[in-house]
Novice: 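Could you have a look at this structure, given as structure tokens, before my questions?
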Amino acid sequence: MAKLRNKLTSSMLAVVLAGTVALTGCGNSGEPSASPPSSPSASPSEGKETNSVDQPYTLKWLKGQDISKPYDSSKDVVKQAIEKKLNIEIIPEMVDVQQYKTKLNLKMASGDFPDVVRIDFADDFQKYAQQGAFVDLTDLINEKDTPNIMREVPAEVFEKAKVNGKLYGIPYQGGPGAGYRWDLVMRTDLLESTPAPTTLDDYYNLLKKIKVDNPNVIPLGGYNAEVGQQKYANNSFDHIFGAFGVTPGFFTEVDGKFSNYDIDPNMREALLFLQKMYSEGLIDKEFATIKEEQLRTKLYSGKLFSWMGWWSTANDYDTQIETNLLKQSGELASDGSLPDQSTTPYKYLTLTGSLVGADGTAVAPAGAPFNQMTAISVKTKDPAQVLQIIEDSLSPENQMLTVWGIEGEDYKIENDKMSVMTDLVDPKTMQDKDGNFRGTQSYLFAPGLKGWPRYLESLPLRFSQSLDVAITNKYQITDASNFLDSPTKIAKLVELNTMRDSVFTQIIMGGDIKKFDDFVEKWKTQGGTQILSELEASFKKKQGK
């Protein structure tokens with residue numbers, strides 16, 4: 001903590017004064033209004049003298065809470081354990097989760113900042129950061145001084161989080177973190193003894209075999225998405241496009257120059273391959289018209305071999321397949337139900353990750369790496385100590401406490417396997433047998449991006465297996481346009497995506513590949529080129545150039 005304080009003492013006072021001056025006078029427009037600290041006690045240098053390491057640090061925290069459920073922070077034993085472990089006193093101001101953003105903006109406008117602020121990155125954070133509301137952390141977060149924070153958030157993600165070349169907060173995603181969430185799913189019984197394919201060629205040959213051996217089974221199923229959505233990027237043909245090194249809808253960046261996979265030459269090759277698969281009867285002839293629920297009907301009735309599935313749906317798929325088979329054999333229970341299957345291995349499904357192309361290429365389109373920021377207010381009495389608290393809270397041991405609660409009570413570890421106590425709290429009173437509240441996952445200052453520790457172990461077996469396949473996919477990429485400004489993208493992207501969906505569908509179903517070349521030219525002239533130009537300008541601005 002001393003290292004962080006020393007770095008702050010030489011520059012923090014100027015930052016605080018600059019920030020508060022920048023905010024002064026903005027109140028009439030509804031923006032934050034604040035005055036420079038009137039007392040020397042507000043400066044970090046004074047804070048380090050008046051706050052002994054033996055004294056708990058008082059931390060103001062705006063806490064989103066489901067107010068429909070009983071809760072009393074003074075009786076929260078997990079909160080108390082966190083306070084003791086981190087040597088802090090948390091002063092939570094409860095606000096309904098649905099009103100959190102409104103309440104936070106009101107507090108920012110009044111100058112009554114919490115010490116730590118969790119705030120949407122896309123709009124509010126960038127606005128307030130440029131007005132001087134948050135501590136500049138650019139020189140404070142590094143491998144030497146904040147190794148826990150750096151372990152949670154990769155350096156390239158911090159770069160995306162900068163505002164005009166400066167870092168004003170710690171990116172936050174929540175839950176199991178950001179990442180890919182889709183699996184290639186196949187019927188194990190139809191695979192027989194064949195190993196799950198890892199390459200596109202192996203998969204293609206397998207589908208041809210399935211078609212010959214099981215004429216009534218559709219080798220690859222797909223379904224229609226809503227108009228204008230990234231139809232192929234996030235469902236039916238992820239694994240095919242990915243093996244060609246492309247994924248529809250995503251922007252790319254190399255040395256500050258932007259493009260889009262929709263107009264990439266490799267996209268042309270991927271479409272030709274899908275056209276070939278379609279003509280050979282390897283793709284559902286109805287993929288362009290049916291909805292997801294109709295795909296499920298085909299799956300449950302045994303008419304589908306493989307498809308791209310969202311990680312959490314595999315358990316229901318497997319159970320429904322078994323239900324239908326038992327129904328057909330007359331062995332289904334009289335009430336038509338099965339015992340909970342989530343804690344047993346999959347019986348009918350095999351899940352795998354990306355297929356690689358001939359050159360070993362693959363891409364899996366993941367979501368944005370973060371959506372919120374955790375920032376430190378310039379008005380907090382000791383920003384260095386607050387940053388140190390965040391750093392300490394992200395140690396492996398302390399993350400277990402802030403996420404899962406008290407070991408031996410909220411969770412236990414046996415044979416290096418964690419299990420969560422799910423019956424500790426009465427769902428009506430939200431209290432344990434001793435009348436205590438247990439706010440697990442409730443007092444997280446900045447959980448980072450890699451996800452809560454041992455998260456997979458907290459899930460039932462099937463959910464753990466299917467999520468593990470998805471999030472450990474080593475070919476994940478993110479959209480290079482994330483967190484960049486482009487007015488034309490906002491205005492034109494739905495129109496461009498709709499045009500793409502139509503053209504790509506036509507080509508897959510046998511249309512002339514020249515339609516792709518025409519599409520590329522229209523994409524550029526109908527807004528695409530302008531979008532790329534705006535993204536490049538925004539990229540430079542974010543880097544402070």
Side-chain angles (χ1 to χ4, degrees), residues 156 160 178-185 197-200 203-204 220-254 257-275 277-278 283 287-288 306-311 352-369 469-484 486 489 493-494 496-505 507-508 513 516 519-520 523 528 531-532 535:
E156 61 269 20
K160 292 181 180 295
Y180 194 55
R181 292 292 183 267
W182 295 83
D183 299 322
L184 172 56
V185 187
T198 58
T199 70
L200 180 59
Y203 178 67
Y204 170 69
L220 171 58
Y223 62 91
N224 186 35
E226 298 298 322
V227 173
Q229 288 187 348
Q230 293 178 5
K231 179 174 178 178
Y232 303 115
N234 60 10
N235 49 59
S236 303
F237 305 131
D238 245 9
H239 54 317
I240 308 297
F241 285 114
F244 285 87
V246 294
T247 188
F250 272 38
F251 288 86
T252 63
E253 177 269 322
V254 178
K257 299 298 293 183
F258 280 71
S259 187
N260 188 288
Y261 280 129
D262 288 352
I263 59 173
D264 192 294
N266 286 334
M267 181 63 74
R268 193 178 194 273
E269 299 305 310
L271 290 170
L272 282 173
F273 190 84
L274 283 164
Q275 184 183 79
M277 292 179 66
Y278 184 85
I283 295 175
F287 85 90
S306 69
W307 65 97
M308 290 301 296
W310 184 253
W311 73 272
T352 188
S354 291
L355 303 171
V356 299
D359 60 353
T361 296
V363 298
V469 170
I471 65 177
T472 57
N473 189 314
K474 65 180 181 180
Y475 300 106
Q476 297 180 57
I477 63 167
T478 58
D479 188 336
S481 70
N482 286 331
F483 319 121
L484 298 178
S486 170
K489 179 185 174 186
L493 195 60
V494 170
L496 293 175
N497 287 350
T498 302
M499 177 171 61
R500 176 203 64 214
D501 290 353
S502 175
V503 172
F504 285 14
T505 300
I507 293 173
I508 292 171
I513 192 60
F516 176 77
F519 160 75
V520 170
W523 189 93
I531 292 173
L532 300 181
L535 292 176

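Not measured: the values here are computed from a predicted model. Starting from 1, each residue takes its place in the sequence as its number. Reckoned from all heavy atoms, side chains included, excluding hydrogens, waters and symmetry mates.
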Novice: So, using salt bridge (charged side-chain N to carboxylate O under 4.0 Å, His left out) as the criterion, who are the partners of Asp183 when residues are at least two apart?
Specialist: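 For Asp183 there are no salt bridge (charged side-chain N to carboxylate O under 4.0 Å, His left out) partners, ignoring immediate neighbours.
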Novice: Would you mind reporting whether Met277 and Ile240 have side-chain heavy atoms less than 4.5 Å apart?
Specialist: yes
Novice: To check you understand the geometry: which heavy-atom pair defines the closest contact between Trp307 and Leu220, and what is its length?
Specialist: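 It is CA-CD1, 4.2 Å.
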Novice: Of all heavy-atom pairs between Pro197 and Leu355, which one has the smallest distance, and what is that distance?
Specialist: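 Looking at all heavy atoms of both residues, the closest pair is O-CD2, 3.6 Å.
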Novice: What distance do Asp238 atom CG and Asn473 atom CG have between them, rounded to the nearest 0.5 Å?
Specialist: 9.5 Å
Novice: So, taking the atom named CG in Asn260 and the one named CE in Met267, what distance separates them when rounded to the nearest 0.5 Å?
Specialist: 8.0 Å
Novice: Quick one: salt bridge (charged side-chain N to carboxylate O under 4.0 Å, His left out) partners of Arg181, sequence neighbours excluded?
Specialist: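 Scan of Arg181 (salt bridge (charged side-chain N to carboxylate O under 4.0 Å, His left out), adjacent residues dropped) gives none.
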Novice: What about Trp311 and Trp182, are their ring centers closer than 6.0 Å?
Specialist: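 That pair fails the under 6.0 Å test.
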Novice: Check Phe504 against Asp262 and note the closest heavy-atom contact, atom names and distance.
Specialist: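 For Phe504 and Asp262, the tightest heavy-atom pair comes out as CZ-O, 3.8 Å.
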Novice: Where is the tightest heavy-atom contact between Ile513 and Arg268, given as atom of each residue plus distance?
Specialist: CG2-NH2, 3.6 Å
Novice: If every non-hydrogen atom of Pro365 is compared with every non-hydrogen atom of Phe250, which pair is closest and at what distance?
Specialist: CB-CZ, 3.4 Å
Novice: Can you tell me how far the CG atom of Leu496 sits from the CD1 atom of Ile531, to the nearest 0.5 Å?
Specialist: 5.0 Å
Novice: About how many Å separate CZ of Phe241 and CG of Leu200, when rounded to the nearest 0.5 Å?
Specialist: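 Reported value, rounded in 0.5 Å steps: 12.0 Å.
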Novice: Distance from Ile263 atom CD1 to Arg500 atom CZ, nearest 0.5 Å?
Specialist: 12.5 Å
Novice: Is there a donor-acceptor contact under 3.5 Å linking the side chains of Ser354 and Tyr180?
Specialist: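 Absent: no donor and acceptor within the cut-off.
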Novice: Keeping the roles fixed (side chain from Asp479, backbone from Phe251), state whether a donor-acceptor pair exists under 3.5 Å.
Specialist: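 Yes: the side chain of Asp479 pairs with the backbone of Phe251.
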Novice: Are the ring centres of Phe237 and Phe287 closer than 6.0 Å?
Specialist: yes
Novice: With sequence neighbours left out, write down each residue that passes side-chain contact (heavy atoms from CB on, under 4.5 Å) with Thr199, or none if nothing qualifies.
Specialist: Asp201, Asp202, Val356
Novice: Hey, are the side chains of Tyr261 and Pro248 touching, using non-hydrogen atoms and a 4.5 Å cut-off?
Specialist: no
Novice: Thr478 side chain to Ala368 main-chain N or O, any donor-acceptor pair under 3.5 Å?
Specialist: no
Novice: Determine the minimum heavy-atom distance between Pro369 and Asn482, stating which atoms define it.
Specialist: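 Taking Pro369 first and Asn482 second, the nearest heavy atoms are CD-ND2, 3.9 Å.
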Novice: Rounded to the nearest 0.5 Å, what separates atom CG in Leu274 from atom CD1 in Ile508?
Specialist: 4.5 Å
Novice: May I ask you to test the Met308-Val185 pair for a side-chain heavy-atom distance under 4.5 Å?
Specialist: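 A side-chain contact under 4.5 Å is absent here.
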